[in-house]
Amino acid sequence: RRRHTRSPLVTGVQTCALPICWQKHGPRPTVPLMIKRLDEAGGEVSLNATGRYDNLKKWERTVAWDQDGLAVTDEVLLPETNPQVALFRWHLGTDAAVNITGGGSRWTVAWPDATISLEGSVAITVTTERMPDNTILDRSWAEALHGHLHSCIVVQSSQPVTAIRLTMSLCPALANAPRRPDHQSG
């Protein structure tokens with residue numbers, strides 16, 4: 001018997017986190033990716049994007065998923081001598097209205113396709129804005145003005161920091177739907 005798993009990726013959710021540091025110009029260093037687990041039930045990978053940004057001591061991301069959802073944890077360290085507001089953008093790949101609730105270090109973002117829970121190691125603020133949809137095609141702001149904008153949540157540390165840990169947990173709307181019966185493999 002084989003169970004068909006449902007992945008949060010079918011909701012169209014795309015993620016991108018950018019600390020408020022500049023990406024390096026020129027040839028970009030390779031981002032080491034470690035696959036901890038990858039099987040029919042889900043997986044867990046981690047990457048170290050530190051080398052892709054200037055003025056950044058550390059940026060490590062761990063992503064784990066299964067049929068019920070996705071969890072992303074970012075750990076960012078900035079120079080102690082230069083605290084900054086840490087900034088993350090999560091491109092939702094939807095035009096649907098987004099409902100944001102919460103405060104302090106815990107927030108919830110909901111729309112018809114999914115719910116995201118955010119938890120920071122420091123106080124964070126969460127807002128939404130319309131941004132170009134580059135999740136499938138690389139588009140410019142000029143092209144975005146012609147209807148290619150989608151909802152994006154912007155997560156920032158409430159104050160300048162030298163360290164932040166941000167965990168995002170996504171539960172797609174399908175995870176709340178009744179489970180399909182197992183299918184026989186033939």
Side-chain angles (χ1 to χ4, degrees), residues 3-20 33 35-47 49 59-76 85-137 139 144 147-159 161 163-182:
R3 172 173 227 145
H4 290 267
T5 60
R6 292 172 289 179
S7 165
L9 300 176
V10 300
T11 65
V13 174
Q14 302 292 321
T15 61
C16 176
L18 300 172
I20 194 162
L33 175 70
I35 300 172
K36 296 178 181 180
R37 182 178 66 84
L38 186 59
D39 56 39
E40 67 182 27
E44 183 176 350
V45 299
S46 63
L47 60 92
W59 178 25
E60 291 181 2
R61 170 175 276 184
T62 301
V63 181
W65 67 94
D66 63 20
Q67 67 185 10
D68 295 323
L70 171 80
V72 178
T73 299
D74 288 294
E75 293 188 45
V76 178
V85 172
L87 170 69
F88 299 84
R89 290 189 181 103
W90 295 90
H91 296 263
L92 303 181
T94 182
D95 291 329
V98 176
N99 182 35
I100 300 173
T101 58
S105 63
R106 293 177 183 245
W107 293 77
T108 300
V109 179
W111 69 103
D113 294 331
T115 299
I116 289 177
S117 298
L118 295 156
E119 183 172 350
S121 59
V122 298
I124 55 177
T125 59
V126 180
T127 58
T128 185
E129 61 183 76
R130 308 272 295 153
M131 298 193 75
D133 185 352
N134 294 326
T135 55
I136 297 175
L137 298 175
R139 294 189 174 110
H148 299 291
L149 295 176
H150 69 243
S151 296
C152 178
I153 57 172
V154 179
V155 180
Q156 298 183 69
S157 58
S158 297
Q159 297 184 27
V161 296
I164 185 171
R165 178 183 171 105
L166 180 67
T167 300
M168 182 280 303
S169 300
L170 178 136
C171 181
L174 350 148
N176 298 321
R179 298 212 184 264
R180 294 184 303 197
D182 289 347

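Position 1 is the first residue of the sequence; numbering continues from there.
- At a cut-off of 3.5 Å, with distance as the only test, a side-chain donor of Thr167 or Thr73 sits close to an acceptor on the other residue.
- A distance of 9.0 Å separates OG1 of Thr127 from CD1 of Ile153, quoted to the nearest 0.5 Å.
- Here CH2 of Trp90 is found 6.5 Å from CG of Leu166. Values are rounded to the nearest 0.5 Å.
- Looking only at side-chain heavy atoms (C-beta outward), Val76 and Phe88 come within less than 4.5 Å of each other.
- The two residues Pro112 and Ala173 come nearest to each other via the heavy atoms O-CB, 3.4 Å.
- Side-chain contact between Thr128 and Leu92: absent, with no pair of heavy atoms (C-beta onward) separated by less than 4.5 Å.
- Here the straight-line distance linking atom CG of Asp68 with atom OG of Ser169 works out to 12.0 Å at 0.5 Å rounding.
- Residue Arg130 holds its CZ atom at 5.0 Å from OG of Ser151, rounded to the nearest 0.5 Å.
- A 4.5 Å side-chain heavy-atom check between Met168 and Leu70 finds at least one atom pair inside the cut-off.
- The minimum heavy-atom distance between Ser46 and Lys36, with the atom names listed, is OG-CE, 3.6 Å.
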Output a table of donor-acceptor pairs, distance under 3.5 Å, between side-chain atoms of residues 103-110 and any protein atom two or more places apart or on a different chain; print 'none' if there are none.
{"residue": "Arg106", "atom": "NH2", "partner": "Glu119", "partner atom": "OE2", "Å": "3.2"}
{"residue": "Trp107", "atom": "NE1", "partner": "Gly104", "partner atom": "O", "Å": "3.2"}
{"residue": "Trp107", "atom": "NE1", "partner": "Ile124", "partner atom": "O", "Å": "3.0"}

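- Under the side-chain hydrogen bond (donor to acceptor under 3.5 Å, both in side chains) criterion, Gln159 pairs with no residue at all, not counting sequence neighbours.
- Among all heavy-atom pairs drawn from Trp111 and Ala97, the shortest one is CB-O, 3.4 Å.
- Considering only residues two or more places apart in sequence or on other chains, Val122 meets the side-chain contact (heavy atoms from CB on, under 4.5 Å) condition with Ser157, Val161, Ile164.
- To the nearest 0.5 Å, atoms CG (Leu118) and CG (Leu170) are separated by 10.0 Å.
- Distance check, rounded to the nearest 0.5 Å: OG1 of Thr125 to CD of Gln156 gives 5.0 Å.
- Thr62 places no side-chain N or O within 3.5 Å of a backbone atom of Glu44 that could act as its donor or acceptor partner.
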